[in-house]
**Q** 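Have a look at this one before I ask anything.
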Amino acid sequence: MILGRPYLEYLVLPDLLPRGKDRRSGLILTIPLCTEQTSMEELSSTLDYLLGIPSDKCKARGFTVIVDGRKSQWNIVKTVVLMLQNVIPAEVSLVCVVKPDEFWDKKVTHFCFWKEKDRLGFEVILVSANKLTRYIEPCQLTDEFGGSLVYDHMDWVNKRLVFEKFTKESTSLLDELVVINESEKSNQLDKERPPDCNFLPSLDPETVLQTGHELLSELQQRRFNGSEGGGVAWSPMDDELLAQPQVMKLLDSLREQYTKYQEVCRQRSKRSQLEEIQTKVMQVVNWLEGPGTEQLRTQWGIGDSIRASQALQQKHEEMESQHSEWFAVYVELNQQIAALLSAGDEEDLVELKGLQQQLSDVCYRQASQLESRQNVLQSAHEFHGTAQDLSQQLDGLLGMLCADVVPTDGAAIQQTLKHLEEKLKSVEGSLAGLREKGQVVMDQMSNQTTWSYGKDVPIENKENIDHIQGVMEDMHLRKQRCEDMVDVRRLKMLQMVQLFKCEEDASQAVEWLGELLDALLKTHIRLGDDAQETKALLEKHKKFVDVAQSTYDYGRQLLQATVVLCQSLRCTTRSSGDTLPHLNRVWKQFTVTSEERVHRLEMACSFHTAAEKVEQGDLPVEVEQETYEEVETVGKALLDRLTVPVIFPDGSEQYFGSPGDMASSAVHIRDKMKLVEVNQLLRHLGCVTCMHQGTM
């Protein structure tokens, strides 16, 4: 813009207050010149523009022009002064040329202005910047000329541009709004004439009004507010005072036409909205009663598996997605119709209510059928899911029943049997759930209908119902077969538990028998101190042998039971190969040891009996001698027996007790033999003495 040129840096208008006027209260125009080349054409155009801003009253007072030539050459200053004579000769009263400190040739400049004085028509003076206040009041000069006037030229230029833009846009917008409003008025009078809905203003009225209000507010603020700095009052320029009524007048006219235009737009929008609603309502109704109903009518199956039901659900979701788009249109239309009904235009109420009722009936009916179909598919999916789970449970149970039982111990068999019972119970619960879900699906399908030719038509679901009943019957039969197999397996597993119990008890019997053998060898070592004690030990040993015999017989019975159970179960166990030979081997060892114990006790009993007879001394001599010899013979045999180990059938050897125990028993026998021998010698000596005395 030409207003941005540096040589039009200031346009200063006088204050309207009594103070601040110059000699003629005229306008002051400052033209700053610089060292660069100045375009006279642009300067002339700018002056023409600036002179068009003040009022005629201001122009009549004349202009005081300040030509700032401190940074320019004399020939440029001269050209500018001459140009003023051509552009504004009548308005210029005084031209003050501010000279630089190093001024031009005084003779040349004085001669030139004096020569042209009559032709110019105004007075031209050369003055220094610090002496300019002789002709113009300091309050009307800016600080660069030694004055106190506060003035922002760029702010003035920007506000001027805003004012001119607003004036241009508001005038153009007013013309357009008048044409639109008049056209709409003609359309209302002639209803058969189609409205021109495309005729819209080229500018946004709200934006233009906002710009005008901001401009007016700025102008009014300049009028009542002072300068922000310097303490010198600043009053609005004449062009700004003139701009205020222009802006207010344009704003009033624009608001008036814009209000009418808003009403025109409202009527247009209402007509357009009603027509659009009618069109969309028929689109929704036609689609729902046409393609939408046809989709529902053809979708009636429930599938024969969970995968098939999932595929049907996916198709239904796609169908619901299509319906959702139309239902969204319905919601939007219903809101629009409700808004129009609340507006209260009676001429449209009946039609709007009819459209609303028709749209609601069709949409609610279609939504109800969609929901019913969705419920059937969901229930069918749950039914097939339960059937699949039940089938897998039956397959797992059948696999367990068909698999060979590999027994490890009774506890494992009990755990397996418990697991089998739990699986059967779970199958029974799942079958009950399947029947319940199947009944729900059949009940829903019996109430399912579709809309055809303006009425509800029941859907034929015999095939679906037969399928559901067939699945439930098949699962029931499979469950019965598994129950029968579970009964057989339960019996077999109970027999296995009994088998393991027998084997365990048989092993325990072998262990007990081994403990009895160990006790016999290690603790049953006493032979008694006399015949009575030895006989008591024999009785005690017989009872001990009876306990061992009972243990052996119990183990044999258990092993015989395991054989019977194995034959029943058609399986082999380790009992027949390990436990029975072990039992027999231990029993033979016990038998050999027991017999050896009996022999030793019997020999000890004979030894003690003979010794006691000899010790009594009431036997005949011949008998006593035989008894004494018996004591010697049996005692020596017993001593020899104590040194001999027990030899088992497998060739192994085992001693009774420890060597110390045997040595103690042997010492006792020897002592008793010596005692018998001493007693025998004493008796023999007594007899010899008696015989000798008798001879004497």
Side-chain angles (χ1 to χ4, degrees), residues 506 508-557 559 580-616 626-676:
Q508 185 65 48
V510 173
E511 184 179 351
W512 288 343
L513 194 58
E515 291 176 355
L516 291 174
L517 174 61
D518 190 61
L520 179 60
L521 287 169
K522 293 181 179 181
T523 61
H524 292 211
I525 56 177
R526 282 183 55 77
L527 297 176
D529 295 336
D530 52 33
Q532 185 178 357
E533 183 180 357
T534 302
K535 290 178 181 179
L537 289 174
L538 272 171
E539 291 297 325
K540 184 178 179 181
H541 178 71
K542 288 180 181 179
K543 294 179 181 179
F544 184 77
V545 172
D546 291 340
V547 172
Q549 182 68 50
S550 299
T551 303
Y552 172 71
D553 294 340
Y554 176 65
R556 291 280 297 183
Q557 292 173 2
L559 291 175
L580 182 58
H582 191 193
L583 177 65
N584 290 331
R585 183 172 63 253
V586 175
W587 175 245
K588 287 180 181 179
Q589 292 176 350
F590 182 86
T591 302
V592 171
T593 306
S594 175
E595 291 175 352
E596 178 64 23
R597 174 66 174 168
V598 170
H599 288 159
R600 293 187 180 189
L601 286 174
E602 288 177 348
M603 290 177 68
C605 184
S606 298
F607 171 76
H608 287 303
T609 301
E612 290 173 359
K613 288 180 179 181
V614 172
E615 289 176 356
Q616 289 176 1
E626 290 178 358
T627 305
Y628 173 73
E629 292 176 355
E630 182 182 356
V631 170
E632 288 290 328
T633 302
V634 174
K636 290 179 180 180
L638 184 58
L639 289 173
D640 293 338
R641 195 99 183 190
L642 291 176
T643 60
V644 178
V646 180
I647 300 175
F648 296 136
D650 59 357
S652 60
E653 298 177 352
Q654 185 71 38
Y655 287 92
F656 277 96
S658 63
D661 295 333
M662 292 298 100
S664 176
S665 297
V667 168
H668 178 70
I669 293 172
R670 289 190 184 97
D671 290 342
K672 195 160 189 177
M673 288 174 66
K674 289 179 179 180
L675 180 61
V676 171

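Please read these numbers as outputs of a predicted model, since none were measured by experiment.
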**Q** Measure the shortest side-chain to side-chain distance between S665 and I525 over non-hydrogen atoms and say whether it is less than 4.5 angstrom.
**A** no
**Q** Working to the nearest 0.5 Å, report the span between OH of Y554 and CG of L583.
**A** 12.0 Å
**Q** Would E539 and K543 pass as an ion pair if we require N to O under 4.0 Å?
**A**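 Here E539 does not pair with K543 in a salt bridge, since their nearest N and O are not under 4.0 Å apart.
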**Q** Do we see a donor-acceptor contact under 3.5 Å between the side chains of Q557 and D553?
**A** no
**Q** Quick one: does any side-chain atom of S664 pair with a main-chain N or O of G660 as donor and acceptor, under 3.5 Å?
**A**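 It does not hold such a pair.
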**Q** Let me confirm one number: the CG-CG distance from N584 to L513, rounded to the nearest 0.5 Å.
**A**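 Output value for this atom pair is 10.0 Å.
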**Q** Can you name the closest pair of heavy atoms from S652 and D650 and give their distance?
**A**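 Smallest heavy-atom distance, with atoms named: OG-OD1, 2.7 Å.
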**Q** How long is the straight-line distance from CG of L538 back to CD of E533, given to the nearest 0.5 Å?
**A**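 Answer for the CD-CG pair, E533 versus L538, is 11.5 Å.
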**Q** Grab the two heavy atoms, one from T551 and one from W512, that are nearest each other, plus how far apart they are.
**A** CG2-CB, 3.9 Å
**Q** As an exercise, state the distance from CZ of R597 to CG of L527, rounded to the nearest 0.5 Å.
**A**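 Rounded to the nearest 0.5 Å, the CZ-CG separation comes out at 6.0 Å.
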**Q** For residues H524 and F544, establish whether the separation of their ring centroids is below 6.0 Å.
**A** yes
**Q** So which heavy atom on A506 is nearest to which on L559, and how close?
**A** CB-CD2, 3.6 Å
**Q** Check the orientation of H668 and H608. Use parallel for under 30°, tilted for 30 to 60°, and perpendicular for over 60°.
**A**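 Correct class here is tilted.
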**Q** To the nearest 0.5 Å, how far apart are CG in L516 and CD in Q589?
**A**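 So the gap between those two atoms works out to 13.0 Å.
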**Q** So which heavy atom on T609 is nearest to which on A531, and how close?
**A** OG1-CB, 3.6 Å
**Q** Quick check for you: to the nearest 0.5 Å, what is the distance between Y552 atom OH and T591 atom OG1?
**A** 8.0 Å
**Q** Mind running side chain to side chain contact (heavy atoms under 4.5 Å, CB included) on L520 and H541 for me, showing each step along the way?
**A** CA-CA 9 Å; L520 179 60; H541 178 71; 3.6 Å; yes
**Q** Okay, side chain of E612, backbone of D530: is any donor-acceptor separation there less than 3.5 Å?
**A**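 Side chain of E612 to backbone of D530, a donor-acceptor pair under 3.5 Å: no, none is there.
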**Q** When you measure from the side chain of K672 to the backbone N and O of G635, does any donor-acceptor pair fall under 3.5 Å?
**A** no
**Q** Would the number of heavy atoms belonging to other residues, nucleotides or ligands and lying under 6.0 Å from CD of Q532 be above 12?
**A** no
**Q** What are the two closest non-hydrogen atoms of V545 and S594, and how far apart are they?
**A** CG2-OG, 3.1 Å
